[in-house]
Protein chains: 2
Amino acid sequence: MKPKDTEAEILKAAEQEFMLRGFDGAKTAAIARSAGVTHAMLHYYFRTKEQLFERILSDKMSLMGRSVLTAFGNPGLPPLERLKDGISRHFDFLMANPDLPRFIINEVFSRPERYELMRGEISRIVDRLMQGVQQELDKLAGQGEIESVDVRMLMLDAVSLNIFPFIAYPVIEPIFGNIAVDREQFFALRKAENIEVIMRRIKK
Amino acid sequence: MKPKDTEAEILKAAEQEFMLRGFDGAKTAAIARSAGVTHAMLHYYFRTKEQLFERILSDKMSLMGRSVLTAFGNPGLPPLERLKDGISRHFDFLMANPDLPRFIINEVFSRPERYELMRGEISRIVDRLMQGVQQELDKLAGQGEIESVDVRMLMLDAVSLNIFPFIAYPVIEPIFGNIAVDREQFFALRKAENIEVIMRRIKK
DNA sequence: AAATGGTTTAACAAATCCGTCTAACAAAAT
DNA sequence: ATTTTGTTAGACGGATTTGTTAAACCATTT
């Protein structure tokens with residue numbers, strides 16, 4: 001009896017297929033084949049395609065949520081360093097999960113019933129993260145150290161700059177084929193640029 | 001004999017369906033029903049679902065490409081004003097076509113055979129647009145008016161900031177439910193923020 | 001009015017895809 | 001050794017979906 005084995009295989013294959021092709025594009029037969037099992041197995045372990053997808057999507061949604069929190073959230077750095085470090089770590093997370101954002105955005109978009117679930121996830125993050133940072137930034141702004149800004153706007157700036165290049169990579173790659181020799185170098189440049197942009201946004 | 005009529009109806013319906021659900025999610029029967037014709041008509045005018053989709057996608061791709069060009073391209077304004085104006089007009093275009101970027105990115109992403117086509121489209125834009133702007137900015141930088149920057153990086157900053165909120169709207173909406181009373185106001189704030197960010201990016 | 005052309009319809013065919021069922025199989029428990 | 005429990009394989013069914021075909025339709029031309 002080796003249950004965990006095939007279940008994990010199916011999950012791994014499903015993750016790949018769903019991430020690459022979305023719910024409609026992914027075919028259960030392809031998942032099964034890629035997992036090296038008959039497609040009946042998929043129903044044995046997960047009943048339906050829907051439930052299997054559910055499992056993958058909610059995993060990925062909470063991963064995506066946590067990524068912002070853990071990147072910007074923990075360290076005891078001074079506010080500006082913390083922001084810089086947050087962008088950097090969030091960017092690193094994206095490099096390790098380059099097509100996660102596209103997957104989330106798509107599937108949430110095409111399933112409005114998910115909005116509520118997402119709303120909850122997001123709200124918790126905002127509450128936990130942004131209030132504290134806002135106070136710190138207000139304090140700095142009060143001291144005339146930085147420009148006063150709304151953290152949510154600033155965070156959206158940062159997240160936009162970080163995520164978009166990954167979402168749109170195939171579209172923008174031709175533009176930067178010259179400026180950078182390879183994908184890795186391009187993203188390294190991009191990370192530096194994003195930090196620069198955000199720092200200048202709040203610099204006095 | 002009124003050929004153009006139904007052909008146009010089918011195209012209109014196909015556009016809606018494909019934009020909303022993507023190639024796999026859209027069903028030819030639904031397109032036909034929405035166009036008010038039998039689904040055989042769809043094959044009569046376009047042979048296959050693939051060819052119909054082809055038509056829609058390439059229309060949308062060139063629209064997307066032109067949007068950047070026309071927004072940033074034409075007016076005889078001084079460079080900084082031109083940049084400001086470009087962001088503003090590009091943003092307005094997105095407000096009128098809020099789910100165009102998601103559509104393009106998705107379908108191009110899931111069809112690597114399109115990369116080449118996209119590459120061509122993009123390259124022409126870059127050549128036509130960026131070289132001139134780069135020279136102007138270099139000149140300003142030489143005079144010490146602004147920070148020296150790579151236009152392509154700057155443009156990617158601008159496009160990222162502009163497009164991302166539309167792509168991710170369902171995900172970020174809960175965060176800004178407080179800050180703005182409605183969608184329209186949120187995007188108005190966002191447009192101003194994006195201009196501010198980019199101006200500060202190059203300000204000396 | 002008969003013929004001609006493009007257009008439309010309805011029925012059909014083929015493929016795909018999700019899900020079920022039954023029987024076989026293996027390992028552990030009795 | 002037999003039963004039990006959990007796992008696997010293969011075949012099957014039904015629904016959906018894309019694509020085809022042949023005949024009807026209708027406006028214009030002759």
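Below, all heavy atoms of this structure are taken into account, side chains as well, without hydrogens, waters or symmetry copies.
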| Between atom OH in B:Y45 and atom C1' in C:dT8, what is the gap in whole Å? | 8 Å
| query | Is it true that atom CD of A:E113 has more than 12 heavy atoms of other residues, nucleotides or ligands lying nearer than 6.0 Å? | reply | yes
| Do other residues, nucleotides or ligands put more than 12 heavy atoms under 6.0 Å from A:R183 CZ? | yes
| message | Quick check on D:dT17: is either OP1 or OP2 less than 4.0 Å from any side-chain nitrogen or oxygen of B:T28? | response | no
| query | Relative to the 5' end of DNA chain C, which residue comes earlier, A:R47 or A:K27, by the nucleotide with the nearest heavy atom? | reply | A:K27
| message | Rounded to whole Å, how long is the line connecting atom NE2 of B:H43 with atom P of D:dT17? | response | 13 Å
| said: Using modelled atom types and a 3.5 Å cut-off, is there a donor and acceptor pairing between side-chain atoms of B:R200 and backbone atoms of A:K203? | reply: yes
| said: With a 4.0 Å cutoff (strictly under), does any side-chain N or O of A:T48 reach OP1 or OP2 of C:dC18? | reply: no
| Nucleotide D:dT8, atom C1' - distance to CD of A:E7 in whole Å | 15 Å
| query | A:I31 has an atom CD1; how far is it from atom P of C:dT16, in whole Å? | reply | 18 Å
| Backbone of B:Q51 reached by a side-chain donor or acceptor of B:T48 within 3.5 Å | yes
| query | Using the benzene-type ring in the case of Trp, are the ring centres of B:Y169 and A:F109 under 6.0 Å apart? | reply | no
| said: From CZ of B:F23 over to P of D:dT17, roughly how many Å is that when rounded to an integer? | reply: 13 Å
| query | Touch check for B:A26, heavy atoms < 4.0 angstrom, all strands: base, sugar-phosphate only, or nothing? | reply | sugar-phosphate
| Regarding A:K49 and the six-membered ring of A:F23, is the cationic atom NZ or CZ under 6.0 Å from the ring centre and inside 45° of its axis? | yes
| Nucleotide C:dA14, atom C1' - distance to NZ of B:K49 in whole Å | 16 Å
| request: Can you tell me the distance, in whole Å, between the CZ atom of B:F46 and the P atom of D:dT20? | output: 15 Å
| task | Go through residues 35-42 of chain A and report each residue with a non-hydrogen atom lying under 4.0 Å from DNA chain D, sorted by number. | result | A:T38, A:H39, A:A40, A:M41
| query | What is the distance, rounded to the nearest whole Å, between atom CZ of A:R33 and atom P of C:dC17? | reply | 10 Å
| request: Tell me whether the OP1 or OP2 atom of D:dT20 has a side-chain N or O from B:Y44 closer than 4.0 Å. | output: no
| query | Counting distance only, does the side-chain N/O of B:E196 pair as donor-acceptor with the main-chain N or O of B:A192 below 3.5 Å? | reply | no
